[in-house]
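All values reported here derive from a predicted model rather than from experimental measurement. Start at 1 and go down the list; that is how both ligands and their atoms are numbered.
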Amino acid sequence: MSRMISPTLGQCVCMLFCLVILVKAEDSGVNITIVDNAVATGAVYVCFTLLPHEYTAVCPDGSPPAYHFDKGAGDGANSWLVHLEGGAWCESTQSCVGRMKQALGSSIIMEKMYNFSGILDGRKELNPEFHDWNRIFVRYCDGSSFTGDVEEVDPATNLHFRGARIFQAVMQELLGKGMNNASNALLTGCSAGGLASILHCDNFRELMPATARVKCASDAGFFLHAKDYAGGNRSEDLFYKVVQLHRSAANLPPSCTSKMEPTLCFYPQYVVPQIQTPLFILNSAFDTYQIQHILTPRPADDPGLSFQRCSLNYEKCSPRQTIALKGFGLEFIITLARLGTCSSRGLFINSCFAHCQSTDGKKWYGDVAEKLGNKAMAKALGDWYHDRSGFQQIDFKHDLPQSCT
Ligand SMILES: *[C@@H]1O[C@H](CO)[C@@H](O)[C@H](O)[C@H]1NC(C)=O
Ligand SMILES: *[C@@H]1O[C@H](CO)[C@@H](O)[C@H](O)[C@H]1NC(C)=O
Ligand SMILES: *[C@@H]1O[C@H](CO)[C@@H](O)[C@H](O)[C@H]1NC(C)=O
Ligand SMILES: *[C@@H]1O[C@H](CO)[C@@H](O)[C@H](O)[C@H]1NC(C)=O
């Protein structure tokens, strides 16, 4: 019944490469794990007999998804921290094809070892709250913040759009490795992964035991629905195209899509008020990515790339550009305030010109860590997670981006 095809030498070498991943051991590095259950049942890929195979949850190039898993121990043995990697989005066939040849589009190209730092660090002195938990860094390859779900493979490019299936497949595998018995769980992520940790927060909650303490923490994932400096719709147009291309609508929170356009449900501000699971929002009001990709207009709308220069160094901004920059930070804070009060929500909103602060060991914990109300990020999030104390702090003191190095 199965077709027998003789593999070429190249295919054999490739398969051996897939089976035996040779990596150099490093101190804080954690080995990659390729997701097994992404493989459809009955499909096998053996060196001397090449049988047709198909993965159901795959990266754009058809390769299986991957994650890095550092096992918990001691008090943390039953606690699980799942961190979703970021890396923007791909909104067109062309931009997704471009990612197929990068780690952000193919597990074949991903580094086989990843350094765990900040919230992921396994060393107590650098990460007192979560160091002994099971910590998982989920690789991001789909380009849709884990929301895509298209059965057909693009015939011209062989592209797959299946981010939501990747999320499911990874979660199923982790549940099978003991997460189904978790007493504590935290879904986190940064940038496009921080957005995914919001969009999938209630889904994550549902996968966990009812008795578990389950929360979510988004780092640099609160992308503001704002116009760019030229009055254009740069960010909304990008999200519109992402949601169309990956057919994300079915995987955005129904509590939002029942009320508004799917594109808008890619913006946390329209989703967060309906989320049931406790959520911590860690973000700068002057997030580097947002200043450079939401407020900064497309190059065609930015004469002489003048705003782009301003976005990289605000000392180069004209008075009018400075006002726009201040306006963005203010709009960010007002938008958060408008989310309404919710005692279970955590807020750590500073003014650093930064992106992904929780995985940066220096910013996360220690003497030079980013602090609000005298609390380092690690302490604020840890106290909030364990219900030792709430944390809702916004930096109102600065009206321009701070360097915070
Ligand atoms: C990572 O994988 C390599 C090769 O399989 C192995 O030698 C090494 O011990 C692994 N490292 C860890 C920390 O598990
Ligand atoms: C990972 O950490 C090791 C040792 O701490 C360091 O030598 C290496 O350069 C790091 N790798 C990356 C990709 O940052
Ligand atoms: C399940 O969790 C309980 C505590 O919550 C623990 O005692 C037990 O060892 C766990 N079981 C497995 C199979 O990990
Ligand atoms: C954004 O603006 C462009 C040009 O005005 C328009 O063609 C496009 O449809 C807009 N996109 C969205 C999502 O509104």
Hey, is the main chain of H246 close enough, under 3.5 Å, to the side chain of S144 for a donor-acceptor pair? no

N233 neighbourhood, listing ligand 4 atoms whose heavy-atom distance to it stays under 4.0 Å: 1 (C), 2 (O), 3 (C), 8 (C), 10 (C), 11 (N), 12 (C), 14 (O)

Should you measure from each heavy atom of Y240, which atoms of ligand 4 turn up under 4.0 Å away? 13 (C)

Cut-off 3.5 Å, side chains only: do S358 and D219 have a donor facing an acceptor? yes

Do the ring centers of W80 and F69 come within less than 6.0 Å of each other? yes

May I ask whether atom 5 (O) of ligand 4 is less than 4.0 Å from at least one protein heavy atom? no

Would you please indicate if the ring centroids of F332 and F286 are separated by under 6.0 Å? no

the protein heavy atom lying closest to atom 9 (O) of ligand 4 turns out to be D237 OD1, 4.4 Å

